[in-house]
Amino acid sequence: MTLAVAAACTQVAWAQTAPAGELGAQESKSSESAPAPVTPISSTAQSTDSIFGATINPNQVAFTPSYESNSRASLPGIMTAPAFGAPVRFGGLYVYPDVVLSHGHNDNLLGSSNNELGTQFTSLNTYLVAELKNDGDRYTASYTGNFTRFDKSSADNFDHHTLAIAGDNTFTSRARLGWTAGYQASTDPRGSTDRTLSATPDKWHASSAAALFAYGAQGAIGRFEVESFVQEKRYDNNLTVTAGGDLNLINVAGRFLYRVAPKTSLLFELRNIKTDYQLSTSTNTNTDRRALVGVTWEATAATTGVIKIGQLKKDFDSNARSDYSGVSWEGSVRWTPLTYSTLDFNTSRAPADSTGVGDYILNRNESVRWSHQWNSFTTTKVNLGQVDSAYHGINLQQNTKNYGVGISYAVRRWLNLSAELASTRRTSNVSAQEYKRNVFSLSLEGTL
């Protein structure tokens, strides 16, 4: 398994502002008999989460323990699911099974400023991908399961399920389409919202679909992309505090890329995100409009990136909340100084919807991740990141810093042993919002 260090948590944070079309190179292990991966349908390089991450608040996800995150879904890739290990073949159908067993300790499960609850945990993560290729097109059906149990808090035990089907279709050298649809049943990690803490985690389910159509050859002067995403999310328990989180979301975007050099293009993007909260008394329904300009490049074989900056306006339907209008940016740069060493830099600034207090939350996020393969058996990863969160409509400021280190050792081609230490420190002008959390885990992964 590519080691799931704390970086997985911060990468999820990027998903709220990262369009599904701006996709980077797929990160995966080599496979002896697996079909070669498909080229991403967009040449811009940026990390993105699965389509299910669109309603998650970056300031909260930044401190989610990595064993609670969907590390598979947060890997950069194309619309179809990435595959790991060697497949089982049924004619033209390739099936990739992957199982990860983890055991560790979380010294502050609830993210509390006092009365910290430390507990051991055991997680079983299953990942299954079925892949089919036909005349250059690729289709996948995938299932991800996360089953976690806590020694000292059985009320926090959770089972997460993600099902998705996806396709990447190449019609001509100019016209390509990526699409995906799926269902997710999950819970909000403790402390990941500003709602009142309930006896059990907040459970929810969501149906989502996304599509991206790209027109223009890779070397063309101009290229167009049109993207859409829809989601319906509903909470299943603790309804006295979670009913306000039920929502329908529609995200539509269009972008034009103009090539100014062989590997450099200017980027122009318009995006409209309508979030309709279903509770009749909710004042959180809003429209997010963004106009961004930027540049995407592959300056050398070692450096790729995309940087966008522009104006964002967030309008609430209700006059009870104040609107936001200001500068927003998104940036992602990957530097590969050596074939076995990679540095990823991410930054963003955008408002997120309130999950309990304030009109909205203005988040600024920076992170850096270093991955280094020391030899054919040993890989290390280091992650540093922080999120500054300013709550508007209430006097609350937060700064969340994340640190993670991990090491992975390939016992066999199909068996990996890894260890991870992730630490979070949150400071605030409200002392009750401050806390520290350290998570240590050992994991064993098996593929074919």
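All residue numbers in this chain count up from 1 along the given sequence.
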**Request:** Find the distance between CZ (F268) and CG (L292) and round it off to the nearest 0.5 Å.
**Result:** 11.5 Å
**Complete:** Smallest heavy-atom separation, S325 atom then Q311 atom, equals OG-NE2, 3.1 Å
**Item:** Counterpart residues, side-chain hydrogen bond (donor to acceptor under 3.5 Å, both in side chains), relative to R195 (two or more places apart)
**Value:** D188, D202, Y235
**Prompt:** For the atom pair CZ (F171) and CG (L177), what is the distance rounded to the nearest 0.5 Å?
**Reply:** 4.5 Å
**Fill in**
Between L442 and A419 the two heavy atoms that sit nearest each other are CD2-CB, 3.5 Å
**D288: side-chain hydrogen bond (donor to acceptor under 3.5 Å, both in side chains) partners, not counting sequence neighbours** = R290
**Request:** Of all the heavy-atom pairs spanning N238 and T200, show the shortest one and how long it is.
**Result:** ND2-O, 2.9 Å
**Request:** First locate atom CG of N363, then atom OG of S389, and finally report the distance between them rounded to the nearest 0.5 Å.
**Result:** 4.0 Å
**Message:** Among T303, T342, L343, exactly one meets side chain to side chain contact (heavy atoms under 4.5 Å, CB included) together with R334. Which residue is that?
**Reply:** T342
**Qualifying residue, where the test is side-chain hydrogen bond (donor to acceptor under 3.5 Å, both in side chains) with T80 and the options are T140, D168, T180** = D168
**Asked** Should the pair H372 and W370 be assigned to parallel (<30°), tilted (30 to 60°) or perpendicular (>60°) ring geometry?
**Response** tilted
**Asked** Are H161 and F147 close enough that their ring centres sit under 6.0 Å apart?
**Response** yes
**Complete:** The side-chain hydrogen bond (donor to acceptor under 3.5 Å, both in side chains) partner of S443 among S123, S408, S102 is S102
**Request:** Measure the CZ-OG distance between R255 and S265 for me, rounded to the nearest 0.5 Å.
**Result:** 13.0 Å
**Prompt:** Is it true that F224 and Y215 have ring centroids separated by less than 6.0 Å?
**Reply:** no
**Prompt:** For residues K203 and N237, is any side-chain donor paired with an opposing acceptor at under 3.5 Å?
**Reply:** no
**Prompt:** Considering all heavy atoms of both residues, which atom of A141 and which atom of I165 are nearest to each other, and what is their separation?
**Reply:** CB-CG2, 4.2 Å
